[in-house]
Amino acid sequence: MDDKIRCQSCGMPFSDEFNNHGTDADGSPVPEYCMFCYADGGFTNPTQTVDAMVQSSIDFMSKEFKMPVEQATQISNDVIRKLKRWN
């Protein structure tokens with residue numbers, strides 16, 4: 001994996017340009033999670049499983065990036081299953 005700082009739930013790289021960090025209940029940025037996974041002090045989908053997150057990532061990469069499903073599956077499993085939220 002590259003050396004980008006990533007969301008510890010979905011693996012999305014953080015970007016100052018897009019300001020995509022999640023937020024605590026007081027609105028302050030959370031350094032570990034993105035705005036799609038964590039907002040207002042909690043996970044946006046608190047019951048989501050690691051398997052569901054992996055499948056969501058596969059679907060996104062294969063559709064949006066036109067990545068072959070096999071490649072998206074490999075990357076998703078290699079990255080997401082090692083992230084803080086899932087360990």
If you look only at pairs with a residue in residues 71-87, which of them pass as a salt bridge (Lys or Arg N to Asp or Glu O under 4.0 Å), with sequence neighbours excluded?
Glu32-Lys84, Asp51-Arg81
Closest heavy-atom pair and its distance - Met61, Ala72
CE-O, 3.4 Å
Might you work through the side chain to side chain contact (heavy atoms under 4.5 Å, CB included) test for His21 and Phe14, ending with a clear yes or no?
CA-CA 7 Å; His21 284 276; Phe14 287 118; 3.4 Å; yes
Are the side chain of Ser56 and the backbone of Ala52 linked by a donor-acceptor contact shorter than 3.5 Å?
no
Examine distances only and state if a side-chain atom of Thr23 and a backbone atom of Asp40 form a donor-acceptor pair shorter than 3.5 Å.
yes
Asn20 side chain to Ser15 main-chain N or O, any donor-acceptor pair under 3.5 Å?
yes
Please report the interatomic distance CD1(Ile80) to CD(Gln8), rounded to the nearest 0.5 Å.
11.5 Å
On the 0 to 90° scale, with breaks at 30° and 60°, tag the Phe60-Phe65 ring pair as parallel, tilted or perpendicular.
perpendicular
Report yes if the side chains of Ile75 and Met67 come closer than 4.5 Å at any heavy-atom pair, otherwise no.
yes
Under a 4.5 Å cut-off applied to non-hydrogen side-chain atoms, are Ser9 and Trp86 in contact?
yes
What's in the same ILVMFWY side-chain cluster as Tyr38, cut-off under 4.5 Å, chained through other members?
Val30, Tyr33, Phe43
Does the side chain of Cys10 come within less than 4.5 Å of Met53's, by heavy atoms?
yes
Could you state the interatomic distance from SG (Cys7) to CE (Met12), rounded to the nearest 0.5 Å?
6.5 Å
Between Asp59 and Lys63, is there a side-chain heavy-atom distance shorter than 4.5 Å?
no
Applying side chain to side chain donor-acceptor pair (under 3.5 Å) to Ser28 and not counting sequence neighbours gives Asp26
